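Predicted model only: the values in this text are computed from it and were never measured.
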Amino acid sequence: MNDKCPNCDKKYKGLLSSNRKLKKEYVDKINTISQKPKDGFCSSVDCIISVADDITIRLNGTAATLRIKIEPLFTSMPIVTAQHPLRWEYKTISIVSGQSVTGTGIFSEIGSSFVDFFGGQSNQFAKKLKDGEDICKNQLRINAAKLGANAIIATDIDYSEVGGAKGMLMVCMSGTAVYVSNLTEVYPEIEAELNEFLILSKELEKVSTDLNFLSNLKSLSDKYLEA
């Protein structure tokens with residue numbers, strides 16, 4: 001019987017060691033996302049935590065690359081306010097939502113008067129609104145893509161001031177994620193970019209799930225270790 005860890009060669013739990021084996025299901029999971037699979041890991045800091053840290057660094061790099069690729073593709077997923085868009089053949093999946101809170105620094109002045117309405121003050125306010133809307137739209141698209149949707153209908157947007165005198169602007173957006181079966185007929189010009197957006201979104205979701213697993217794994221709770 002092998003009483004040493006295949007990864008770090010340290011002895012497992014015994015008279016002279018408190019190291020515990022990582023459960024096989026989690027060894028298998030690590031091996032599916034690692035570029036250096038092993039037969040086993042133990043609870044030693046130099047073992048599983050070191051491995052998790054190395055994988056995390058690599059996956060963070062992958063996630064950063066995916067975000068750069070996805071950013072210019074966000075607008076390829078249609079977001080409309082119509083309840084039943086003309087000629088769309090679709091199935092409803094789920095409601096999706098997005099929220100953004102932004103400091104304005106100009107709310108009190110705008111709320112009390114329309115000074116410089118067509119000047120820098122109103123332009124700054126409009127930009128804050130636009131930034132908040134864009135954040136919400138992208139959240140809707142990411143959440144819809146996770147559900148297997150390729151469009152969002154019945155979209156609603158709300159604005160409110162939060163934080164009292166602190167001048168915080170909250171933008172909330174919600175809509176219904178749908179899968180449009182004839183999207184090629186409705187919007188043929190976006191098909192290629194939308195397909196790429198959906199593929200990259202799934203890849204990013206997988207990376208995010210793996211990163212969350214690795215973060216939890218480093219707690220070394222009994223859930224992950226053999227008795």
Worked check of side-chain contact (heavy atoms from CB on, under 4.5 Å) between Ser97 and Asn143 = CA-CA 8 Å; Ser97 63; Asn143 291 335; 5.5 Å; no
message = Show, in sequence, the C-alpha distance, side-chain angles and deciding distance for Tyr12 and Glu226, and conclude whether the side-chain contact (heavy atoms from CB on, under 4.5 Å) test is met.
response = CA-CA 10 Å; Tyr12 287 130; Glu226 292 186 3; over 6 Å; no
inquiry  = Set out, in order, the CA-CA distance, both residues' side-chain angles and the distance that settles side-chain contact (heavy atoms from CB on, under 4.5 Å) for Lys137 and Thr155, then state yes or no.
reply    = CA-CA 10 Å; Lys137 287 178 181 178; Thr155 307; over 6 Å; no
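In terms of the side-chain contact (heavy atoms from CB on, under 4.5 Å) criterion, residue partners of Val180 (sequence neighbours excluded) are, by chain and number, Trp88, Tyr90, Asn150, Ala151, Val178, Asn182, Leu183. Under the rule for a side-chain contact (heavy atoms from CB on, under 4.5 Å), the partners of Asp131 that lie at least two apart in sequence or sit in another chain are Lys127. In this structure, Asp156 has no side-chain hydrogen bond (donor to acceptor under 3.5 Å, both in side chains) partners at least two apart in sequence or on a different chain. For Glu205, the side-chain hydrogen bond (donor to acceptor under 3.5 Å, both in side chains) criterion is met by no residue, not counting sequence neighbours. With sequence neighbours excluded, the residues satisfying side-chain hydrogen bond (donor to acceptor under 3.5 Å, both in side chains) with Ser44 are Lys10. For Tyr224, there are no side-chain hydrogen bond (donor to acceptor under 3.5 Å, both in side chains) partners two or more places apart in sequence or in a different chain. Residues passing the side-chain contact (heavy atoms from CB on, under 4.5 Å) test with Leu59 are Ile55, Val207, Asp210, Leu211, Leu214, sequence neighbours excluded. For Asp9, the salt bridge (Lys or Arg N to Asp or Glu O under 4.0 Å) test picks out no residue, with sequence neighbours left out. Under the side-chain contact (heavy atoms from CB on, under 4.5 Å) criterion, Ile157 pairs with Glu133, Tyr159, Val171, Met173, sequence neighbours left out.
A distance-only check finds no donor-acceptor pair linking the side chain of Ser43 to the backbone of Asn19 [under 3.5 Å]. For the pair Lys11 (side chain) and Asp3 (backbone), a donor-acceptor distance under 3.5 Å is absent. Under a 3.5 Å cut-off, the side chain of Gln139 and the backbone N or O of Gln99 do form a donor-acceptor pair.
The line from OG1 of Thr176 to CD1 of Ile153 is 5.5 Å long, rounded to the nearest 0.5 Å. Going from atom CD1 of Ile190 over to atom CE of Met77 covers 9.0 Å, rounded to the nearest 0.5 Å. Distance check, rounded to the nearest 0.5 Å: CZ of Phe41 to OH of Tyr26 gives 15.0 Å. The CD1 atom of Ile68 lies 12.0 Å from the CG atom of Leu200; values are rounded to the nearest 0.5 Å. If you take CZ on Arg141 and CG on Leu73, they are separated by 11.0 Å, rounding to the nearest 0.5 Å. Going from atom CG of Asn216 over to atom OG of Ser221 covers 8.0 Å, rounded to the nearest 0.5 Å.
Among residue pairs with one or both ends in residues 188-198, none qualify as salt bridge (Lys or Arg N to Asp or Glu O under 4.0 Å); sequence neighbours excluded. Residue pairs meeting the salt bridge (Lys or Arg N to Asp or Glu O under 4.0 Å) criterion with at least one partner in residues 49-76, sequence neighbours excluded, are Asp53-Lys218. Judged as a salt bridge (Lys or Arg N to Asp or Glu O under 4.0 Å), the pairs with a partner in residues 28-38 (not counting sequence neighbours) are, in order, Lys24-Asp28.
Asp134 CG: more than 12 foreign heavy atoms inside a 6.0 Å radius. Shown here is Lys130, whose NZ atom has no more than 12 heavy atoms of other residues, nucleotides or ligands within 6.0 Å.
Note: the hydrophobic cluster containing Val45 also contains Leu22 (ILVMFWY, side chain heavy atoms under 4.5 Å, direct or indirect links). Criterion: ILVMFWY side-chain heavy atoms under 4.5 Å apart, direct or through other members. Under it, Leu140 and Ile135 are not part of a common hydrophobic cluster. Under the 4.5 Å side-chain contact rule for hydrophobic residues, Ile95 and Ile93 do not share a cluster.
Between Pro78 and Ser76 the shortest heavy-atom distance is CD-O, 3.3 Å. A pairwise comparison of heavy atoms in Ser100 and Cys136 identifies N-SG, 3.8 Å as the closest pair. Heavy-atom minimum distance, Ala177 versus Val96: CB-CG1, 3.9 Å. Closest non-hydrogen pair, Ser50 versus Asp46, comes out as CB-O, 3.5 Å. Considering every non-hydrogen atom in both Asn7 and Cys47, the closest pair reads ND2-SG, 3.2 Å. The shortest non-hydrogen separation linking Cys42 to Cys5 is N-SG, 3.6 Å.
Using a 4.5 Å heavy-atom threshold, the side chains of Tyr179 and Leu147 count as separate. Side chains of Arg20 and Asp222 form a contact here, defined as non-hydrogen atoms less than 4.5 Å apart.
The side chain to side chain contact (heavy atoms under 4.5 Å, CB included) with Leu204 is formed by just one residue from the set Thr62, Leu66, Ile199; it is Leu66.
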